[in-house]
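Protein chains get the first letters and strands the later ones, always in sequence-line order, with residue 1 at the start of each.
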Protein chains: 2
Amino acid sequence: MGKLGYYMEQKVTIKDVAELAGVSKSTVSRYLNNGYISVEKQVRVRKAIEETGFQSNFFAKRLKTRESKLIGIVLPRMDSVTVGKLLAGITRVLEPEGYQSILLVSQLSGEKELENMQKLQQQGVDAILVDSVGITPEHVRRAKEWSLPILYTGQQQAEVHCLKIDDAAAGHRMGVYLRQMGHKHAVFAGVTESDEAVGIERKAGFVAGFCEGRTDAQVDFVETGFDFLSAYNQAEEIRKLAPSVVVGATDNISLGILRYFHERGVHVPEDISVVGFGGYDVGAVVYPALTTVAFDYELMGMKAASYILNLLRGKGREETNLDMPLFFVERESVRDLNAAVDEPSLNAMPGMA
Amino acid sequence: MGKLGYYMEQKVTIKDVAELAGVSKSTVSRYLNNGYISVEKQVRVRKAIEETGFQSNFFAKRLKTRESKLIGIVLPRMDSVTVGKLLAGITRVLEPEGYQSILLVSQLSGEKELENMQKLQQQGVDAILVDSVGITPEHVRRAKEWSLPILYTGQQQAEVHCLKIDDAAAGHRMGVYLRQMGHKHAVFAGVTESDEAVGIERKAGFVAGFCEGRTDAQVDFVETGFDFLSAYNQAEEIRKLAPSVVVGATDNISLGILRYFHERGVHVPEDISVVGFGGYDVGAVVYPALTTVAFDYELMGMKAASYILNLLRGKGREETNLDMPLFFVERESVRDLNAAVDEPSLNAMPGMA
DNA sequence: CTGTTAGCGCATTCAG
DNA sequence: CTGAATGCGCTAACAG
């Protein structure tokens, strides 16, 4: 590896090709784009391109066409399963359309998020997709001022383009289920209300579903972070409340709590039930396997990308199907209080097959 | 949202600013770059920029400077924790240097990997980082032909720039540990040998460490995929071999096996020990918490990025510190066969605090 | 310190 | 169908 430095330029331009093929630059350009060329010259140009190994200069091209074929993506963080799936989905639809994504990470900071959007916009991306931690008035202002499509995911706001799972419905679904299983007292282990989607909507949906049509239901709240450890640290407080079921706002929260219960000899679901939201794969390998409402983040990525593409083509929100399905995944972590005796079935890897 | 289509151009150019400020274009350009300007004009230009909301055109600038400040990153897949951490690390060092990353995913296909590298190169990125699934002769050829730095991670190959964890050392470390814990018969649940790093080196290292200096050691192999389920499906076969310890080539493999054992009433570590590699967070919340050799993927990302930066600046391999530390994380899943009675300690969230 | 002059590589008029 | 000419917006000599 004696090579030192990489200052070599791309040297072969459209001009070189033209000369070698004995045609004009414009003819080569036409060959590369539309194709108004005689078959004969077509052949010559093709040959010249092969011989020279010509590759058109990205920047010169973009400077002319005013189209970068680049989509900017702003993410709150990288090291999370959901973000990974989301990106996988986005890529899956963007790539066949000839778009590529350029990624910026905001480390859960709203300010950084704005900064990143600014950067992307300067870079000349064709559109921006933001998996936001919270849509502020400033976000709205930019979406309106800038002349490029901006789509937010993860949060909702009426004045901008956005796409998110129905957290209220997810919470509601879980609430109804637990009510039907005969539970009357739940602790909702939630996150900060500054996260409107998870901290407020999901919780409110749960409470509604759980309490619907009865007056003897009780829901207590305990706030925790998004990670295992902070949930684990709140578990004692939760236990003191002595509910029949603990509802973690995310699967990770539930996993931390499960671990704590295990250490204290509290049996799940015999002594207490635990559920989560998200449908992460690991929820299926822990024991008991976690009952949860699963979201399809990859599908969300695909929809987000389609939405962006539509926006780019001058179509509006109406023309994209924005429904995000939910999947209720019943596994082993909930006890049916209606039954006299509880015999949780140990299916082989429930929810994984 | 009545807006339809986004065809507006960026209209204010350096020329407009120059006219408004009553200076020449070059003066504005200087203001933007070096800064050989009188204070007086500096003020006028600044004002003009603010008033017009001028933003320099990325493509025009790059066309001149021949520098994109873009690093291409080719990933095998997105939905994995390790990739997330790697990216986090890369971003952390690239961003302060004014670089941004553009991401392409190969879906575990070597061919796609090559294709993606090609695309990035055409885009005019300044360098390419490939988290490769296998370095082929074609990879080597490109690294040499193209006049831009290419760095491979995850795999090793003498003729190209690369950076990876020391899989052999990791395996060895685990082997030694289990030997010292009195284990004589292990099953290594590994992956395909086409993955040289994990499938071959890690395994060989383990065998070496485990068998070192004795003749009464036995290691059997069982092949599995990288995911929970495929490991789970091989667990019965592993169990039939009746080892005292199962070594999963990755934590996920071990987690799948743990689940199976749980279902069958096989107690870990009392009846059998289980260990993994990777140090994923979830290893700490399952029970028993998984003993493992942890890798710092974020650090790896940071090192990779630094390496790339050095390459860009004409420095070679020598000038980057490539040592990747390993962390042995002793938790609860291994029984000490030297002790008469085994009393695994249940620390609070071992390895998480 | 500053304005003038040239292109960077390509796509696109406009006449042929 | 094709070539010559023009300029995208910016930076970098070059003379002042």
Side-chain angles (χ1 to χ4, degrees), chain A residues 7-46 48-49 52-70 98 121-126 147-148, chain B residues 7-46 48-49 52-70 98 121-126 147-148:
Chain A
Y7 27 69
M8 286 183 54
E9 316 296 297
Q10 146 190 357
K11 4 147 205 252
V12 27
T13 79
I14 205 174
K15 187 180 159 209
D16 303 309
V17 176
E19 280 168 7
L20 206 156
V23 297
S24 74
K25 291 193 298 173
S26 3
T27 303
V28 178
S29 176
R30 279 194 203 91
Y31 171 85
L32 262 16
N33 301 299
N34 351 329
Y36 257 35
I37 305 197
S38 65
V39 193
E40 178 211 2
K41 301 208 167 179
Q42 220 168 96
V43 177
R44 273 159 52 197
V45 172
R46 183 185 358 265
I49 288 183
T52 56
F54 165 82
Q55 292 182 195
S56 77
N57 181 301
F58 181 75
F59 300 111
K61 183 166 194 159
R62 293 328 183 203
L63 178 56
K64 284 298 286 189
T65 60
R66 260 88 237 310
E67 223 202 1
S68 67
K69 287 285 186 179
L70 248 30
Q121 195 260 152
Q122 274 183 47
Q123 296 271 310
V125 299
D126 291 344
S147 56
L148 83 174
Chain B
Y7 27 71
M8 286 181 55
E9 316 295 296
Q10 145 191 356
K11 0 144 210 258
V12 27
T13 79
I14 205 175
K15 188 179 157 209
D16 303 311
V17 176
E19 280 169 7
L20 206 155
V23 298
S24 75
K25 290 194 299 174
S26 8
T27 303
V28 177
S29 177
R30 278 194 205 92
Y31 172 83
L32 262 17
N33 302 299
N34 347 333
Y36 257 31
I37 305 197
S38 66
V39 194
E40 179 210 2
K41 302 210 168 177
Q42 219 168 92
V43 177
R44 274 157 56 194
V45 172
R46 180 181 7 258
I49 288 184
T52 56
F54 165 82
Q55 292 183 197
S56 77
N57 181 302
F58 180 75
F59 300 111
K61 181 167 195 159
R62 294 327 181 204
L63 178 55
K64 280 299 285 186
T65 59
R66 262 86 241 305
E67 224 201 2
S68 68
K69 286 288 185 177
L70 249 31
Q121 195 260 154
Q122 273 182 49
Q123 296 270 315
V125 299
D126 291 344
S147 57
L148 82 176

Rounding to a whole Å, what distance do you find between N57(A):CG and dC10(C):P? 6 Å

Would you say that R44(A) contacts I37(A) through its side chain, given a criterion of any heavy-atom pair below 4.5 Å between the two side chains? no

Measure from CZ on F58(B) to P on dT11(D) and round the result to the nearest Å. 12 Å

Rounded to whole Å, how long is the line connecting atom CD of Q122(B) with atom P of dG9(C)? 16 Å

Distances under 3.5 Å between nitrogen or oxygen atoms of protein and nucleotides 12-16 of chain D:
residue	atom	partner	partner atom	Å
dA13(D)	N6	R30(B)	NH2	3.4

Phosphate OP1/OP2 of dG9(C): any T13(A) side-chain N/O under 4.0 Å: no

Between C1' of dT11(D) and CG of L32(B), the distance in whole Å: 11 Å

Using heavy atoms to find the nearest nucleotide of DNA chain C for S24(B) and L63(A) separately, return the residue whose nucleotide is more 5′. S24(B)

Cut-off 3.5 Å, side chains only: do S26(B) and S29(B) have a donor facing an acceptor? no

Just so I know, are the side chains of L70(A) and Q123(B) near enough to count as touching, which here means a heavy-atom distance under 4.5 Å? yes

Is the phosphate of dG3(D), meaning OP1 or OP2, less than 4.0 Å from a side-chain N or O of T27(A)? yes

Taking all non-hydrogen atoms of both residues into account, name the closest pair between A48(B) and A21(B) and its distance. CB-CB, 3.9 Å

Rounded to whole Å, NZ of K61(A) lies from C1' of dG7(D) at a distance of 18 Å

Show your working on side-chain contact (heavy atoms from CB on, under 4.5 Å) between K61(A) and N33(A) and close with a plain yes or no. CA-CA 11 Å; K61(A) 183 166 194 159; N33(A) 301 299; 3.9 Å; yes

Does any non-hydrogen side-chain atom of Y31(B) lie less than 4.5 Å from one of Q42(B)? yes

In the structure I gave you, are the side-chain heavy atoms of N57(B) and T13(B) within less than 4.5 Å of one another anywhere? no

Does dT11(D) have OP1 or OP2 under 4.0 Å away from a side-chain N or O of R66(B)? no

If the helix axis at each end comes from five base pairs, how far does the helix from dC1(C)-dG16(D) to dG16(C)-dC1(D) deviate from straight, to 10°? 40°

Over all strands shown, is V23(A) touching base, sugar-phosphate only, or nothing at heavy-atom distances under 4.0 angstrom? sugar-phosphate

Mind calculating the distance between CZ (F54(A)) and C1' (dA11(C)) to the nearest angstrom? 12 Å

Tell me: CD1 of I14(A) to P of dC8(D), nearest whole Å? 18 Å

Nearest-angstrom distance from the residue atom OH of Y31(B) to C1' of dC10(D): 17 Å

Just N and O in the side chain of K15(A): are any of them under 4.0 Å from OP1 or OP2 of dA4(D)? no

In chain order, what residues pass the side chain to side chain contact (heavy atoms under 4.5 Å, CB included) check against E19(B), with sequence neighbours excluded? K15(B)

Tell me, do I49(A) and L32(A) make a side-chain contact under 4.5 Å, heavy atoms counted? yes

